[in-house]
Peer 1: 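Right, I'll just put the structure down here and ask away after.
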There are 2 protein chains.
Amino acid sequence: MTMPKTTITITDVAKAAGVSKSAVSYALNGKPGVSDATRAKVLDVARSMGWKPNNAAKSLSDASTRTIGVVQLVDDAENFGAGMFAMDCLAGLCQVLDPRDYSITLRMTAGGAHAACRIHEEWIASGAVDAHLIMGVELGDPRLALFRAHPEAKAVFLSQRAVTKGLPTLYSSDDEGARMVVRYLHGLGHRNIARIAGPEEYVHTITRDQATADECSKLGMRCTTLHGKYLAAVGEQLCLALLEFGDSPTAIVCDTDVTAVAAARAAIARGVSVPGDLSIVAWDDSPSCTSATPKLTALHRDVRSIGVKAGSMLLRMIDGESVDSEPEDPYQLIERDSTAPVSEA
Amino acid sequence: MTMPKTTITITDVAKAAGVSKSAVSYALNGKPGVSDATRAKVLDVARSMGWKPNNAAKSLSDASTRTIGVVQLVDDAENFGAGMFAMDCLAGLCQVLDPRDYSITLRMTAGGAHAACRIHEEWIASGAVDAHLIMGVELGDPRLALFRAHPEAKAVFLSQRAVTKGLPTLYSSDDEGARMVVRYLHGLGHRNIARIAGPEEYVHTITRDQATADECSKLGMRCTTLHGKYLAAVGEQLCLALLEFGDSPTAIVCDTDVTAVAAARAAIARGVSVPGDLSIVAWDDSPSCTSATPKLTALHRDVRSIGVKAGSMLLRMIDGESVDSEPEDPYQLIERDSTAPVSEA
DNA sequence: CTGAAAGCGCTTACAG
DNA sequence: CTGAAAGCGCTTACAG
């Protein structure tokens, strides 16, 4: 008959151990102020009574919640890639948070950056979290202004420094990644390439666009860029559009695995050989890149390590250190079967 | 100069409004005990002062955390499908939780059911969450015993009633789904089918195995079942194994999109036409099913609605209602290009 | 309808 | 080293 024992508190432990509440608190928290003997006894009694600290009480008295807040933006249609990214990233975050006994407080909203902003504002005002992780930052994002107005709130942004200007951010290697792809294709002899990019409201889209354009111009290459959502239909359609051009590209880099797979399919269905006539590279690797025919060359990054880095930054901020922006780990170009030297025409 | 105003409390509001703390509390919480005039004034003052309730204080005094706890199991390798499922499910959960101002407290662990169990135990003891959502239940899962021993803890399981026996569970329609597929293939003339199933520790694997076997026997069909992880390599390998048999199946149903896509690829690479010689159906639809060639017939379910249902159950438990187990919405069979009538041999 | 008071469980100066 | 006490911000009986 395991009686659901009415929650046991430090007062109970103190009584049982024959010491004061403060002694118990000091002992339990490993703080000085009690003799080793007392500490040992308290620890022993507490464990045997099955005592666990009450979260709310602790938070109220020490003004720390041991939780970091993240609000995930969900889009009905293109949720897939973003969802996986967030999940892996959170896994990394949890990995660093766990040893410190921190949890994630998660909210999801379909209301975009504005809705997310309201939640963070709420969290700041109510002291619901110790720090915030911000992902999916858009141009003119209201969350930027919010955290500028609240320098006392701890937050790290997953974004670009050009956008967050001074706010602690873990910035992507998208610029570098874009240049790496361009150089790779250049090495294969491609001179006329194209991008099937993501929506232009995303910061990383712009970053990739610009870096690609810049590197192409340096190498004397031409690049056509088309934008669209991360949908198979879009990849298909834009690929066909590119192939319609009189002077169609010999390589296409797609901003996501979904569009890349679709583009490859569309090209092949139209009688264009991949990689014979057309090389395709996917930005962001995933199982669908290896399941596709041919297997897609992809720009790969360890998403979990992004969460790990962000978590470490957050924890340091919570510890009172001042943290600077940091770069993500660089991308890796994984060469598979969808890219080849440009064919002699 | 937006001074980060030192956190404002109901005491401040009370002072400013010229009433007592209790009056403020009653007014703010919409409880009787204050005149309409007082209430209006308090509300007004509170808003103008930018007051927000302190979470910890509220939790401590009313013993509710306005948070529901979920711990996500992460496996390094086969994390993909499960990750997406969890994400969509959580999105649904958030959708119902949001209007009630509840958040999700999320932890992720690579330590399996045992590690998850320890976290839930911690949460129960420390009063960290108001209720728990349990996913990825295994046979002999320690979390079952934990919540049996703690009937005061509110939890809903995403599992099968046969496993949770009496604990409130949102149970899948896997049995029904399996039968639906079998009948569908039977209707196409298939009599010898196979399953490329998931690992046998998963409850849903067993459920599907059993329902498939039962329905096949009822219809006089034969079914070979092979188990393996949710990896492309496994799908490929098991598909080839099945095709090696002298009397190879005319249809294969794969427990996940990853294995299904890989199986189709492997078959085609081996010169087996899909769906001409071999039909393939994927369990759990995803973008990769529509990106594949041919597009895969799949068993589809609205994962988000699972989260919605679970959330509603949880909320009702929190409200003190006693809730019974409920079924998920049924699967839908989405016919695409990977299934066809069995060819006359 | 309204105010003064106790209590939620823990932490932390402050005296012994 | 140890105990008594105040305080974190809110809720909720309990008297007026």
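The sequence lines fix the lettering, A, B, ..., with proteins before strands; numbering per chain opens at 1.
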Peer 1: Taking the side chain as everything from C-beta on, heavy atoms only, tell me whether A:T164 gets closer than 4.5 Å to A:L144.
Peer 2: yes
Peer 1: If the plane angle is over 60° it's perpendicular, under 30° parallel, otherwise tilted; pick one for B:H132 and B:F147.
Peer 2: perpendicular
Peer 1: Considering only distance and modelled atom types, tabulate donor-acceptor pairs under 3.5 Å from the side chains of residues 46-56 of chain B, sequence neighbours left out.
Peer 2:
residue, atom, partner, partner atom, Å
B:S48, OG, B:V45, O, 3.0
B:N54, OD1, B:A56, N, 2.9
B:N54, OD1, B:A57, N, 2.8

Peer 1: I want to confirm an ordering. Mapping B:S22 and A:T38 to their closest nucleotides on DNA chain D, which one lands closer to the 5' end?
Peer 2: A:T38
Peer 1: Can you confirm whether A:D98 sits close enough to B:R107 that some side-chain heavy atom of one is under 4.5 Å from a side-chain heavy atom of the other?
Peer 2: yes
Peer 1: Answer yes or no: is there an ion pair linking A:D302 with A:R304, defined by an N-O contact shorter than 4.0 Å?
Peer 2: no
Peer 1: Take N1-N3 plus N6-O4 or O6-N4 for Watson-Crick, N1-O2 plus O6-N3 for G-U, both under 3.5 Å. Which runs of 3 or more such pairs involve DNA chain D?
Peer 2: C:1-3 with D:14-16, C:5-12 with D:5-12, C:14-16 with D:1-3
Peer 1: Is the Lys NZ or Arg CZ of A:R161 less than 6.0 Å from the centre of A:Y171's six-membered ring, within 45° of the axis?
Peer 2: yes
Peer 1: Without decimals, in angstroms, what is the distance between A:K31 NZ and C:dA13 P?
Peer 2: 8 Å
Peer 1: Looking at every non-hydrogen atom in both residues, tell me the closest pair between B:M313 and B:D324 and how far apart they are.
Peer 2: CE-O, 3.5 Å
Peer 1: Between A:D12 and A:K21, is there a side-chain N and carboxylate O pair less than 4.0 Å apart?
Peer 2: no
Peer 1: With the criterion being N/O to N/O and under 3.5 Å, what pairs connect the protein with nucleotides 6-10 of chain C, and how long is each?
Peer 2:
residue, atom, partner, partner atom, Å
C:dC8, O2, B:S61, N, 3.3
C:dG9, N2, A:A57, O, 3.3
C:dC10, OP1, A:W51, NE1, 3.0
C:dC10, OP1, A:N54, N, 3.2
C:dC10, OP2, A:I10, N, 2.6
C:dC10, N4, A:K21, NZ, 3.0

